[in-house]
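All heavy atoms count here, side chains included; hydrogens, waters and symmetry mates do not. Note that the coordinates shown come from a computational prediction; the quantities given were computed from them, not determined experimentally.
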Amino acid sequence: MAAPIELHVNGRRHLVDTDPGKSLLAALREDLDLTGAKYGCGEGQCGACTVLVDGRPVRSCVTPVGTVAGRPILTIEGLAQNGRLHPVQEAFLAENAMQCGYCTPGMIMAAVGLLSREPAPTEDEIRRAMDGNICRCGTYSRIIAAIRRAARMTTEARHGCD
């Protein structure tokens with residue numbers, strides 16, 4: 001049964017009239033026309049649908065939209081600010097960490113979540129954090145390199161280095 005649900009997505013408030021049990025992914029794509037998060041497996045196992053809720057990566061395909069009402073949600077569309085890519089996006093481009101691009105939004109969002117919790121992760125921490133985000137093209141080594149680069153970029157920016 002549809003009900004008005006307040007969503008806070010990418011810094012904007014939206015009132016969506018939808019079923020609270022509908023997946024967050026479906027609400028983002030169908031009700032808000034935010035198509036960056038992808039439908040992969042529909043079971044929360046592949047990571048293509050990853051977005052951040054309260055700054056933490058969640059699988060939006062298995063998250064009921066009613067459970068995230070009023071909480072800050074960040075999608076790939078909300079990362080770039082003032083025409084400037086997020087450091088993780090820049091690093092993915094610099095390291096050629098994408099091939100077909102289908103998994104890329106979920107990979108980037110998972111990496112942003114990791115770096116917000118752990119600004120200088122070890123390779124082991126990166127691998128653990130990214131476990132479950134599947135890249136069908138197999139660019140894992142470039143994805144790890146991109147996350148390491150993004151960590152360096154954000155650390156240098158915090159310390160005023162270029």
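Residues Arg136 and Gln99 are not in side-chain contact: their nearest non-hydrogen atoms beyond the backbone lie 4.5 Å or more apart. Arg142 has its side chain out of reach of Met98: every pair of non-hydrogen atoms, C-beta onward, lies at least 4.5 Å apart. Residues Lys22 and Asp31 are in side-chain contact: their nearest non-hydrogen atoms beyond the backbone lie under 4.5 Å apart. Within the 4.5 Å cutoff, the side chain of Lys38 has no heavy atoms near those of the Cys46 side chain. Between Cys135 and Met130 the shortest side-chain heavy-atom distance does not fall below 4.5 Å. The shortest distance between side-chain heavy atoms of Phe92 and His86 does not fall below 4.5 Å. Here the side chains of Leu24 and Val53 are in contact, with some heavy-atom distance below 4.5 Å.
A distance of 9.5 Å separates CG of Leu52 from CD1 of Ile76, quoted to the nearest 0.5 Å. Note: Ile143 CD1 to Asn133 CG = 8.5 Å, rounded to the nearest 0.5 Å. Residue Met153 holds its CE atom at 7.5 Å from CZ of Arg149, rounded to the nearest 0.5 Å. Interatomic distance, CD of Glu90 versus CG of Leu85, reported as 5.5 Å (0.5 Å rounding). Within the model, atoms CD of Glu95 and CD1 of Ile147 stand 10.5 Å from one another, a figure rounded to the nearest 0.5 Å. Taken from CG in Asn10 to CD1 in Ile73, the straight-line distance is 9.0 Å, to the nearest 0.5 Å.
Nearest heavy atoms, Pro121 versus Ile126: CG-CG1, 3.7 Å. Leu34 and Glu77 make their closest contact through C-OE2, 3.4 Å (heavy atoms, listed as atom of the first residue, atom of the second, distance). When all heavy atoms are compared, the tightest approach of Pro20 to Ile5 is CA-CD1, 3.6 Å. Ser23 and Cys61 make their closest contact through CB-O, 3.4 Å (heavy atoms, listed as atom of the first residue, atom of the second, distance). In this structure, Gly55 and Ser116 approach most closely via the heavy-atom pair O-OG, 3.8 Å. When every heavy atom of Ala151 is checked against every heavy atom of Leu115, the shortest pair comes out as CB-CD2, 3.8 Å.
In terms of modelled atom types and a separation under 3.5 Å, the side chain of Asp19 and the main chain of Gly21 share a donor-acceptor contact. Not one N or O on the side chain of Thr75 forms a donor-acceptor pair closer than 3.5 Å with the backbone of Val51. Under a 3.5 Å cut-off, the side chain of His14 and the backbone N or O of Val16 do not form any donor-acceptor pair. Put simply, the side chain of Tyr102 gets close to the backbone of Tyr39: a donor and an acceptor are under 3.5 Å apart. Side-chain atoms of Thr139 come within 3.5 Å of backbone N or O of Ala97 as a donor-acceptor pair. Between the side chain of Gln45 and the backbone N or O of Gly42 there is no donor-acceptor pair closer than 3.5 Å.
Linking ILVMFWY side-chain heavy atoms closer than 4.5 Å, directly or via other members, places Val68 and Leu74 in two distinct hydrophobic clusters. Grouping the Ile, Leu, Val, Met, Phe, Trp and Tyr side chains by contacts below 4.5 angstrom, directly or via other members, places Val112 with Leu114.
Applying the 6.0 Å contact sphere to CG of Asp33 captures no more than 12 heavy atoms from other residues, nucleotides or ligands. Atom CZ of Arg117 is surrounded by more than 12 heavy atoms from other residues, nucleotides or ligands within 6.0 Å.
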Exercise. Could you walk me through whether Leu25 and Arg59 pass the side-chain contact (heavy atoms from CB on, under 4.5 Å) check?
Worked result: CA-CA 8 Å; Leu25 178 64; Arg59 309 295 197 203; over 6 Å; no

Exercise. Stepwise, does the side-chain contact (heavy atoms from CB on, under 4.5 Å) test hold for Val88 with Leu79?
Worked result: CA-CA 9 Å; Val88 175; Leu79 278 185; 5.7 Å; no

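Each of Arg12, Arg13, Arg71 was evaluated against Glu6; a single residue qualifies, Arg13, per the salt bridge (charged side-chain N to carboxylate O under 4.0 Å, His left out) test.
We find that Asp124 and Arg128 are joined by a salt bridge, their nearest charged nitrogen and carboxylate oxygen being less than 4.0 Å apart.
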